[in-house]
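Working notes, beginning with the structure itself.
Small disclaimer: the values here were computed from a predicted structure and weren't measured. Computed over heavy atoms, backbone and side chain alike; hydrogens, waters and symmetry mates excluded. To find a chain, count down the sequence lines: A is the first, B the second, and so on, and within it residues start at 1.
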Amino acid sequence: MTNIGIALAVIGAACAALFAGIGSAKGVGLVGEAAAGVVSVDPSKFSKVLVLQLLPGTQGLYGLLISILMLSRIGIFGGNPAELTLSQGIMFLAAALPIAIVGLFSGIAQGRAAAAGVGITAKKPEHNGKAIIMAAMVETYAILAFLISILLIYNIAI
Amino acid sequence: MGSTTSYASAVAAVKAMESALLNYSDMEQLISAATDTEFNAIISARRGSDASAGSELADAWEVVHGYAPDCRELEMLLYKYDFHNLKAALKAMIADCEPEPYYIRPTNLDLGELSPILKAKDYDLLPLYLRETAEKAYQLLTDTLDGQLADSFIDTATLTVLQDSAEKSGNEFLKNYARITAVCADIKTAYRCARMNKPRSFLEIAIAGSADLDKEALIRAALTGTDGLFNFLDTTIYGEKARLLESSTAAFEKWCDDEVMEIARSARLQAFGFEPLAAYYIAARAEQKNLRIIRVCKECGADRETITERLRLLYV
């Protein structure tokens, strides 16, 4: 059963990086599309729209961090994997789910909000800050999920 | 996320270009401009050095279509010009003259190919929405040699095809656009026919009908004269606005254009989809019309109040 435990933990680590990464990729891609449209008309707005494009990228980083923390915690990096029971493996998998799921959906949602914000920057560049704030609000939920995933990972007894 | 985030790039580009559209303050300055040089300077100042910012309607279309070349919905906005060009090509063919001076751009059609296709009666080479109308209009024109009848037939077909296409698309923006376009055209046609005592046979060809204005009821009302027509329209939501025709055709036409602009304005808040692109094109069209109105009115020596009254609603 120890193999299954470690396998579940590794699946959890993979999910954290995978789904949060997908969310970020979709979000950043969408904002990139919108940003390219604005820059094609007015290249001077590149720096302003770039900030908006970066916003949905954070979910992918959170997922990556959770994945690294989890792999470190279960000893994969040291080449000496911990012996995990089935229930411990399930707990690690569950610990990855907040950032995996919230990262996926918040990345996409933040991408939509930021892409809409690109429209604000395009029409009224002086209100760029408001567009950033509105898109950044979505980040709150990704941060909450990130924190919960960290707390869970460090509080699972091995 | 496909359909709900479509045309993100095109919409963002169009939003950037919206800042180059003329606003009410610019229109006021244009009305006050003393010379053509001053007039053009005001437009250049607003548009900056970017020549792509809708200096002509065809340019505006090229820009919008360039950002969303695969957008079939946008093409519906040009049906009016496509059918006009069909009319021009058919009449030029009958009159044995060059159609080029009568063509309107932008259009979905390859105008170089239009005349040869019609001459060869190779209607299958035309876009699907134009084929049946082209064939029937040619038949009607050659059978009757009545240009006005053929015109009316094609105008009606424009409205019918537009409404059918909008209905098939299922898009509310397009359905509203098609509805108001058909309603305005039908009211104007019915009014003119009522004034000219046109027979039922003509009205049946000239009136398209729509969900808001039943074709048969409108024809019956138009046959009773202008009073009967307005009495009928009073039973619809268009009664008050239709009565503008009694005092001024220009006032009614302004209302029609403003209604279309209200539909376009409904897309201003959208961050995705083809609607903001369509709205930008409609805005550019209204801007061109306003510039034409100001120029013509100034040339005719119209006063400021008259010009302002006739100006169409703006997008920005």
Ion pair present between B/Glu28 and B/Arg304, side-chain N to carboxylate O less than 4.0 angstrom?
->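 B/Arg304 and B/Glu28: salt-bridged.
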Is B/Glu100 salt-bridged to B/Arg105, going by a charged N under 4.0 Å from an acidic O?
-> yes
Strictly by modelled atom types, are B/Arg72 and B/Ser165 linked by a side-chain donor-acceptor pair under 3.5 Å?
->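 Not at all, the side chains of B/Arg72 and B/Ser165 share no donor-acceptor pair under 3.5 Å.
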Do the side-chain N and O atoms of B/Asn108 and B/Tyr79 include a donor-acceptor pair separated by under 3.5 angstrom?
-> no
Identify the residues of residues 44-79 of chain A whose heavy atoms come closer than 4.5 Å to a heavy atom of chain B, ordered by number, or report 'none'.
-> none
Just checking heavy atoms, which of residues 118-133 of chain A are less than 4.5 Å from chain B?
-> A/Val118, A/Gly119, A/Ala122, A/Lys123
Got a second to check how far A/Leu97's CG is from A/Phe92's CZ, nearest 0.5 Å?
-> 13.5 Å
Atom pair CG/CE of B/Asp258 and B/Met261 - distance to nearest 0.5 Å | 8.0 Å
Work out which heavy atom in [X] is nearest to a heavy atom in [Y]; give both atom names and the distance.
| X | Y | answer |
| --- | --- | --- |
| A/Val41 | B/Ala13 | CG2-O, 3.6 Å |
| B/Val64 | B/Leu74 | CG1-CD1, 3.6 Å |
| A/Pro98 | A/Ala95 | CD-O, 3.3 Å |
| B/Val11 | B/Ala271 | CG1-O, 3.3 Å |

Find the one option among B/Ala10, B/Ala16, B/Ala12, B/Ser9 whose heavy-atom pairs under 4.5 Å with chain A are most numerous.
->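 Most heavy-atom pairs within the cutoff with chain A belong to B/Ser9.
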Specify which of A/Gly111, A/Ala115, A/Ser40 makes the most heavy-atom pairs with chain B at under 4.5 Å.
->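 Ranked by heavy-atom pairs under 4.5 Å with chain B, first place is A/Ser40.
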